[in-house]
Trainee: 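Okay, handing you the structure first.
Below, chain A is the first sequence line, B the second, and so on; all start at residue 1. Predicted, not measured: the structure shown is a model, and the values here were computed from it.
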Amino acid sequence: MLEVSRIRAQKEEIKAALTKRGWTNDRLELLDRAIEADDKRKALQTENDGYLSQRNKLSKEIGNLFKQGKQEEANAAKAQVEEMKTKIAATESQLASCTTDLETVLLDIPNIPHSSVPAGVTEDDNEVAKDWPQDLPILGDEALPHWDLATKYNILDMKLGVKLTGAGFPVFRGKGSRLQRALINFFLDEASKAGYEEIVPPLLVNADSARATGQLPDKEGQMYYVEKDDLYLIPTAEVPVTNIYRGNIVKEQDFPIKLTGYTQCFRREAGSYGADVKGLNRVHQFDKVEIVQFQHPDKSYETLDQMVKHVEGLLQKLELPYRILRLCGGDLSFASALTYDLEVYSAAQKRWLEVSSVSNFETFQSNRLKLRFTDSDGKKRLAHTLNGSALALARIIAALLENNQTKDGIVIPEALRSYTGFDIID
RNA sequence: GGAAGAGUGGCAGAGCUGGUUUAAUGCACUGGUCUUGAAAACCAGCGUGCGGCAACGUACCGGGGGUUCGAAUCCCUCCUCUUCCGCCA
């Protein structure tokens with residue numbers, strides 16, 4: 001959520017930046033509506049405070065009058081307060097509806113894209129920030145997609161998941177399970193080495209947490225919801241891990257705050273069927289190691305680069321061909337100011353698979369989180385928040401299986417062997 | 001799940017027979033005096049949001065609602081914690 005003060009101060013720049021998201025005048029007028037609603041809110045607040053002030057003053061007087069035994073005067077004052085209360089009730093209800101209006105408008109305004117974000121509408125307009133320098137691997141015609149490899153080596157069973165739960169809930173078996181566990185440990189160890197504090201958070205969160213990171217209200221349908229307890233299954237570790245600092249005021253010297261968490265992630269992912277979603281490409285439950293940082297506004301883009309480097313390092317160690325995209329305005333998520341997608345090439349599917357998304361949210365998320373720091377002048381300012389997947393397991397496994405298939409079996413990359421305890425799946 | 005007790009500012013802890021409480025006091029923290037430096041002592045400052053150029057006003061004592069001219073204080077409800085019982089990985 002953008003701050004109204006920022007919309008006021010930089011309205012024209014913001015309008016210009018939002019056109020990169022494909023926004024036209026009819027939507028840009030939301031900015032004016034936000035300012036209008038805020039003006040109204042301020043006026044009502046001033047009015048209401050005045051009434052409250054009078055009420056408080058009168059109430060004190062009544063107390064004194066009673067002590068002095070001046071019953072009649074006290075009763076007269078009571079009548080005045082009665083009048084005041086009617087006014088207060090009226091302005092308060094206006095104030096409440098006005099605040100709701102403002103909030104509604106603000107929730108519809110996405111983050112302002114960073115100056116380096118290319119304009120564009122679809123993923124075709126994304127910019128390749130770093131391409132794979134070598135030739136892409138070419139497998140023989142006998143090469144299989146991961147869903148067939150999974151069956152061949154009995155390491156992953158989608159049909160069994162259907163029996164146990166439903167479509168999109170994979171069941172890993174044997175070496176498939178161990179590969180899964182190995183990757184989790186590998187990713188967590190790498191994050192620890194890079195200075196991230198490891199967190200094991202709850203997998204269910206309350207509505208306050210879901211709201212603070214922006215899942216509510218806009219992405220409510222994406223989350224599994226436990227009605228009886230009013231809790232949500234997390235779609236990513238970002239939600240509980242980021243919320244650790246909800247409402248906190250940290251010291252400037254605490255930056256950067258670096259957290260990592262492995263969790264299973266749950267997504268309802270309504271819609272979207274077909275070849276693209278086959279196998280592990282899109283599932284309802286998957287495993288992911290997330291990295292999160294809270295940073296001083298002046299340093300957040302440096303940090304974003306470091307986080308991308310970290311994820312790159314993982315892909316290099318796994319010996320997977322990858323490229324980095326800078327997302328265009330149209331493909332940029334609602335809350336992000338700048339996002340890099342890391343994609344791994346699947347030689348069998350002959351396409352790039354998104355395995356990580358690393359974003360700087362600037363103050364967009366911290367505004368809802370109310371995550372602030374005290375700067376050197378003693379002023380309270382919103383921190384910048386960043387996060388990225390490091391990494392999502394399902395698609396990495398898909399890519400590993402496909403790219404590393406040989407006639408003897410699937411070869412485990414060197415870096416993982418001490419974790420898996422085997423070097424081939426056959 | 002059942003019973004009892006409790007939730008106050010970074011921490012500790014008063015207030016809780018409704019009205020100078022503008023939330024006492026201590027610790028911690030920040031600045032200053034003193035000191036070669038430090039400690040101690042002393043002086044001052046020290047929550048957050050909103051409105052206001054400011055003075056200041058206003059809201060917040062777990063969340064929400066109510067009673068009252070007036071609520072940290074009384075009532076209802078929800079949440080959390082502690083202790084005991086039950087159940088259980």
Trainee: Scan residues 39-53 of chain A against RNA chain B and write down, sorted by residue number, each residue with any heavy atom closer than 4.0 Å; if none is found, say none.
Mentor: Arg41(A), Lys42(A), Gln45(A), Thr46(A), Asp49(A), Leu52(A), Ser53(A)
Trainee: Whether Lys380(A) contacts U48(B) is assessed here as follows: a side-chain N or O lying under 4.0 Å from the phosphate OP1 or OP2. Is that the case?
Mentor: yes
Trainee: Output the rounded distance in Å from CD (Glu3(A)) to C1' (C50(B)).
Mentor: 15 Å
Trainee: Would you mind reading off the distance between Asn248(A) atom CG and G9(B) atom P, rounded to a whole angstrom?
Mentor: 15 Å
Trainee: Using the C1' atom as the reference point in each nucleotide, state the distance between C79(B) and G62(B) in Å, no decimals.
Mentor: 8 Å
Trainee: What is the pairing partner of U22(B), taking Watson-Crick or G-U wobble pairs with both distances under 3.5 Å in any strand?
Mentor: none
Trainee: Here's a test for you: under ring-ring contact (aromatic ring centres under 6.0 Å, His included), which of Tyr301(A), Tyr340(A), Phe361(A), Phe364(A) qualifies with His114(A)?
Mentor: Tyr301(A)
Trainee: Judged by modelled atom types alone, do Asn25(A) and Glu29(A) share a side-chain donor-acceptor pair under 3.5 Å?
Mentor: no
Trainee: What is the distance, to the nearest angstrom, from the CD1 atom on Ile62(A) to the P atom on A71(B)?
Mentor: 11 Å
Trainee: In terms of side-chain heavy atoms of Asn56(A), which of A59(B), G49(B), C69(B) is nearest?
Mentor: A59(B)
Trainee: We want to know whether Glu47(A) and Thr91(A) form a side-chain donor-acceptor pair, criterion being a heavy-atom distance below 3.5 angstrom.
Mentor: no
Trainee: Looking at A6(B), which nucleotide sits across from it as a Watson-Crick or G-U wobble partner, both distances under 3.5 angstrom, or is there none?
Mentor: U80(B)
Trainee: What is the pairing partner of G1(B), taking Watson-Crick or G-U wobble pairs with both distances under 3.5 Å in any strand?
Mentor: C85(B)
Trainee: Taking atom C1' in both U25(B) and A14(B), what distance in whole Å separates the two?
Mentor: 7 Å
Trainee: On a whole-Å scale, what distance lies between the P atoms belonging to C43(B) and C34(B)?
Mentor: 16 Å
Trainee: Between Lys251(A) and C29(B), does any side-chain N or O lie under 4.0 Å from OP1 or OP2?
Mentor: no
Trainee: Determine the Euclidean distance between corresponding P atoms of U33(B) and U17(B); express it in Å to zero decimal places.
Mentor: 47 Å
Trainee: Look at the side-chain N and O atoms of Lys60(A) and state whether any lies under 4.0 Å from the OP1 or OP2 oxygen of U22(B).
Mentor: yes
Trainee: With a 4.0 Å cut-off on heavy atoms, is Gln80(A) in touch with a base, just the backbone sugar-phosphate, or nothing at all?
Mentor: nothing
Trainee: Using the P atoms only, state how far A55(B) lies from U68(B), rounded to an integer number of Å.
Mentor: 37 Å
Trainee: Rounded to whole Å, please give me the gap between CD in Glu92(A) and P in G64(B).
Mentor: 13 Å
Trainee: CD1 of Ile184(A) to CG of Asp189(A): how many Å apart, nearest 0.5 Å?
Mentor: 12.0 Å
Trainee: When rounded to the nearest Å, what value does the distance between P atoms of G66(B) and A71(B) take?
Mentor: 12 Å
Trainee: What closest approach, in Å, do Val239(A) and Ser209(A) show between heavy atoms, and which atom pair accounts for it?
Mentor: CG1-O, 4.1 Å
Trainee: Name the pairing partner of A59(B), where a pair is Watson-Crick or G-U wobble with both distances under 3.5 Å, or state none.
Mentor: U48(B)
Trainee: What integer distance in Å separates Asp230(A):CG from C79(B):P?
Mentor: 11 Å
Trainee: Please determine whether a side-chain nitrogen or oxygen atom of Arg55(A) lies at a distance below 4.0 Å from atom OP1 or OP2 of U68(B).
Mentor: no
Trainee: A39(B) pairs with which nucleotide, Watson-Crick or G-U wobble, both distances below 3.5 Å?
Mentor: none
Trainee: For C53(B), which nucleotide in any strand shown is its Watson-Crick or wobble partner with both distances under 3.5 Å?
Mentor: none
Trainee: Just say parallel, tilted or perpendicular for the rings of His296(A) and Phe373(A), cut-offs at 30° and 60°.
Mentor: tilted
Trainee: Quick one: pull up OG1 in Thr385(A) and CG in Asn360(A) and give me the separation to the nearest 0.5 Å.
Mentor: 7.0 Å
Trainee: Which whole number of Å gives the distance between the C1' atom of C46(B) and that of U83(B)?
Mentor: 37 Å
Trainee: Taking the nucleotide of RNA chain B with the nearest heavy atom to each, does Glu61(A) or Lys57(A) sit closer to the 5' end?
Mentor: Glu61(A)
Trainee: To the nearest angstrom, how far is Glu82(A) atom CD from G70(B) atom P?
Mentor: 7 Å
Trainee: What's the NZ-P distance between Lys87(A) and C69(B), to the nearest Å?
Mentor: 18 Å
Trainee: With no hydrogens and no angle check, just 3.5 Å: does a side-chain donor-acceptor pair link His384(A) and Gln295(A)?
Mentor: no
Trainee: Write down the partner of A28(B) under the Watson-Crick or G-U wobble criteria, each distance required to be under 3.5 Å.
Mentor: none
Trainee: Relative to each other, are the rings of His284(A) and Tyr224(A) parallel, tilted or perpendicular (30° and 60° limits)?
Mentor: perpendicular
Trainee: If you measure from the C1' atom in U20(B) to the same atom in G70(B), how many Å do you get, rounded?
Mentor: 14 Å
Trainee: Between Ile249(A) (CD1) and C46(B) (C1'), how many Å, whole number?
Mentor: 14 Å
